[in-house]
Visitor: 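Take a look at this one; I'll ask things after.
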Amino acid sequence: MANQALMANAIRALAMDAVQSANSGHPGAPMGMADMAVALWGDHLRHNPQNPHWFDRDRFVLSNGHASMLIYSVLHLTGYALPIDELKHFRQLHSKTAGHPEVGVTPGVETTTGPLGQGITNAVGFALAEKLLAAEFNRDGHAIVDHHTYAFLGDGCLMEGISHEAAALAGAWKLNKLIALYDDNGISIDGKVAPWFIDNSAERFHAYGWNVIGPIDGNDAKAVSAAITQAKASSDKPTFILCKTQIGFGSPNRANTAKAHGEALGTEEIALTREALKWPYAPFEVPAEVYQDWDAKAAGARVEGEWDEKFAAYAKAFPAQAAEFTRRMKGELPANFHQTAFDAVVDAHTKGETVASRKASQIALEAFTAALPELLGGSADLTGSNLTNTKSTPPLRFDAQGAVVLDEQGRIGRHINYGVREFGMAAVMNGIALHGGYIPYGGTFLTFSDYSRNAIRMAALMKRRVVHVFTHDSIGLGEDGPTHQSIEHAAALRLIPNLDVWRPGDTAETAVAWAVALGNTSRPTALLLSRQNLAYAPKSDLSDISKGAYVLAEPERVGLKSKKTAAVIIATGSEVQLAMQAQELLAARKIAVRVVSMPSTTTFDRQDVAYKKKVLPKGLPRIAVEMGVTDGWWKYGCDAVVGIDTYGESAPAGVLFKYFGFTAENVAATVEAALKR
């Protein structure tokens, strides 16, 4: 029999040693949750340290990511490729033990956590993906998708508003394989939480439609294990286990105090804690018998091997489904994707329709969702405005027992009604993408990207393929006024490293934007789309659109073939029309200009110097046109920018365009003024 007390104390010792060595970190939560970890990882979690990515493993999320030494300790002890030297280099440059857990850095870490509340929301995405894949691929006698998602979370996660959004969705979706264990220690950075956090968390989660267990003694591994066993029996609800713990458990002078939360215990207190825990070993020393009790390599190989046999039988009985499942879990696009993308772009070019770019997005999505069954869409209560639904994506629904409802054609729902939960939607999509099997996309108004921003940043940090559909991208939405009119949002999103931002100007550019987004396996994408109709801009070539910027119109288009080009107008989105019209006005005045459409500054910035010089030649004045703040455009060496550095107004779009100077005449006048300087 394993000695659970020693197993837990190993976590406590490693946590306090690593934090002390780094002189930075959070020892209290790992010490308090150590018994919870013993119960989950020792008795329940299906995982294989020798293959952290095998498909049907259980997923574990440490939502209170400041407790990172908990997961690092457990990963090390159970046999992952995380040697003791990595724990000794906790929080140091290039170590695999960063201050907060990072996916892709530490083997066994499923998601990057730190911003509180997002981890539990990612876990909702994991659990949803599992449930949908099971409904789509499992067959009678062949349950190849059958795993749980577990999350540890703390007071901070529950205080953050995103946990409300996530928990409500999990209850509505009846995610019975989601089990959240709440570390209820009553302490945060500022001290005892009672003066500012008085929620009845049990009643709160009961109201969301969750199973609620507890309060239980979270420092009793057997009690926690029994609660998890009970939770796993739920067939129609997620489970919330309320675990009462002592932060800094074992520390004579720091337990149950804010001092244990975010600072090293100190050598004196560590010595006292070792004595109190009866842990006589040197820093970072773990006895062989404790390693033996924790070692999960043999058990992990066994459970993975059992699944391999299951999948082999499935592949024999259902070879096409097995091949499709394998493709999707690898994140590979279908073999015909490039043809689908090519056809969508050419079709848009051939038809040359005048439609809003949000409609152009839906037209492209009709083609892509039909060809890619892994596309899983949604909207934050704005489906009719975002146009994220298609004929291939019926609404996602669940029956009273929690089963996924199939439509009359036997299809699972592929369009999610997230409700007015932009932040929750964005973080759930991150979880879906992390789980694998689906490419998530979701829509809202661009101005509400502020709500989603931190989850968008996390997707970029984690290098996940997530697509955000942002419509109503400018003052062009008109009468709703400045609360809804995006001014700084395009520029703000472009500042996020590793996020692709596209603001297409017509149907062909929108189709290309979608194709590039779906091909971006290691970065998220934001599509900024118009409410108002945009005329199609005739093109002689489609091949350079995917580079983010291209020469749309030379002076010969307006009869100035022999005239030397005097300037370049750079425009994005709806303003491409103004640039084309200004080119015509200037031609009448014998001024030859080139028009460059730049639907994606972020993509253009990644091109080589030769291509950039080809599109934006040296020596020619550059004038940018975009209905947004002007700051970001000066890096392109612009001589002038037609933009808007104030908030909008409430009035019809046409009135606003004139009021703020977004007219062809003003663009032409701005070019002339630049040429005179």
Visitor: Just by modelled atom types, is the C157 backbone N or O under 3.5 Å from a matching donor or acceptor in the S163 side chain?
Guide: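 Yes, because the side chain of S163 sits within donor-acceptor range (under 3.5 Å) of the backbone of C157.
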
Visitor: For D473 and L528, which heavy atoms make the closest approach, and how far apart are they?
Guide: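 Heavy-atom minimum between the residues: OD2-O, 3.9 Å.
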
Visitor: Have T602 and S600 got a donor and an acceptor in their side chains that come within less than 3.5 Å?
Guide: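 Yes, side-chain donor-acceptor contact under 3.5 Å.
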
Visitor: Check the side chains of S543 and D541 for a donor-acceptor pair under 3.5 angstrom, ignoring hydrogens and angles.
Guide: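 Yes, S543 and D541 have a side-chain donor paired with an acceptor closer than 3.5 Å.
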
Visitor: Can you see which heavy atom on V596 is nearest to which on A549, and at what distance?
Guide: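 For V596 and A549, the tightest heavy-atom pair comes out as CG1-CB, 4.3 Å.
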
Visitor: Less than 4.0 Å between a side-chain N and a carboxylate O, is that true for K177 and E130?
Guide: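 So E130 pairs with K177 through a salt bridge.
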
Visitor: What distance do L128 atom CG and M429 atom CE have between them, rounded to the nearest 0.5 Å?
Guide: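 It comes to 12.0 Å.
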
Visitor: Sorted by first residue and then second, give each side chain to side chain donor-acceptor pair (under 3.5 Å) pair with at least one member in residues 111-121; sequence neighbours left out.
Guide: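 Sorted result for residues 111-121: T111-N122, Q118-N454.
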
Visitor: Given the side-chain rings of F137 and F325, with only the six-membered ring counted for Trp, is the space between their centroids under 6.0 Å?
Guide: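 Distance test on ring centres: under 6.0 Å, yes.
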
Visitor: For the side chain of W514 and the backbone of F368, is there at least one donor-acceptor N/O pair under 3.5 Å apart?
Guide: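 Checked: no pair found.
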
Visitor: I'd like to know if the side chain of D399 and the backbone of A403 have a donor-acceptor N/O pair within less than 3.5 Å.
Guide: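 Confirmed, D399 side chain pairs with A403 backbone.
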
Visitor: Given the side-chain rings of F448 and H484, with only the six-membered ring counted for Trp, is the space between their centroids under 6.0 Å?
Guide: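 Yes, the ring of F448 comes within the 6.0 Å limit of the ring of H484, centre to centre.
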
Visitor: Between Y441 and H468, is the ring centroid distance below 6.0 Å?
Guide: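 No.
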
Visitor: Donor-acceptor pair, distance only, cut-off 3.5 Å: does the side chain of S650 make one with the backbone of E479?
Guide: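 Yes; at least one donor-acceptor contact below 3.5 Å.
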
Visitor: Taking T447's backbone N and O only, do any of them form a donor-acceptor pair with S486's side chain (distance below 3.5 Å, no angle check)?
Guide: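 Judged by distance alone, yes, a pair lies under 3.5 Å.
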
Visitor: Between L158 and L116, is there a side-chain heavy-atom distance shorter than 4.5 Å?
Guide: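 No. Closest side-chain heavy atoms not under 4.5 Å.
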
Visitor: Would you indicate whether H206, at its atom NE2, is surrounded by more than 12 heavy atoms from other residues, nucleotides or ligands within a distance under 6.0 Å?
Guide: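 Check fails, neighbour count at 12 or below.
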
Visitor: For S530, give me all partners under side-chain hydrogen bond (donor to acceptor under 3.5 Å, both in side chains), at least two apart in sequence or on another chain.
Guide: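 side-chain hydrogen bond (donor to acceptor under 3.5 Å, both in side chains) list for S530, sorted by chain: S357.
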
Visitor: Measure the acute angle between the ring planes of Y418 and W173, then classify it against the limits of 30° and 60° as parallel, tilted or perpendicular.
Guide: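 Rings of Y418 and W173: perpendicular, over 60°.
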
Visitor: For Y451, does the OH atom sit with more than 12 other heavy atoms under 6.0 Å from it, leaving out its own atoms?
Guide: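 Count not over threshold, so no.
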
Visitor: Does the ring of Y438 carry R328 above it, NZ/CZ under 6.0 angstrom from centre and within 45° of its axis?
Guide: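 Positive - R328 is close enough to the ring of Y438 and near enough to its axis.
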
Visitor: Has D407 got a side-chain atom pairing as donor or acceptor with Q409's backbone, closer than 3.5 angstrom?
Guide: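 Between the backbone of Q409 and the side chain of D407 there is a qualifying donor-acceptor contact (under 3.5 Å).
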
Visitor: Could you check whether any side-chain N or O of E353 sits under 3.5 Å from a backbone N or O of Y536, counting only pairs where one atom can act as donor and the other as acceptor?
Guide: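 It does not hold such a pair.
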
Visitor: Please identify which of these residues, L499, V501, D500, meets the side-chain contact (heavy atoms from CB on, under 4.5 Å) condition with R494.
Guide: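 Of the listed options, the one satisfying the test is V501.
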
Visitor: Should the heavy atoms of other residues, nucleotides or ligands under 6.0 Å from CZ of R57 be counted, would the total exceed 12?
Guide: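 Yes, because the 6.0 Å sphere around CZ of R57 holds more than 12 heavy atoms from other groups.
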
Visitor: Which heavy atom in E110 sits nearest to a heavy atom in V103, and how many Å separate them?
Guide: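 Taking every non-hydrogen atom into account, O-CG2, 3.5 Å.
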
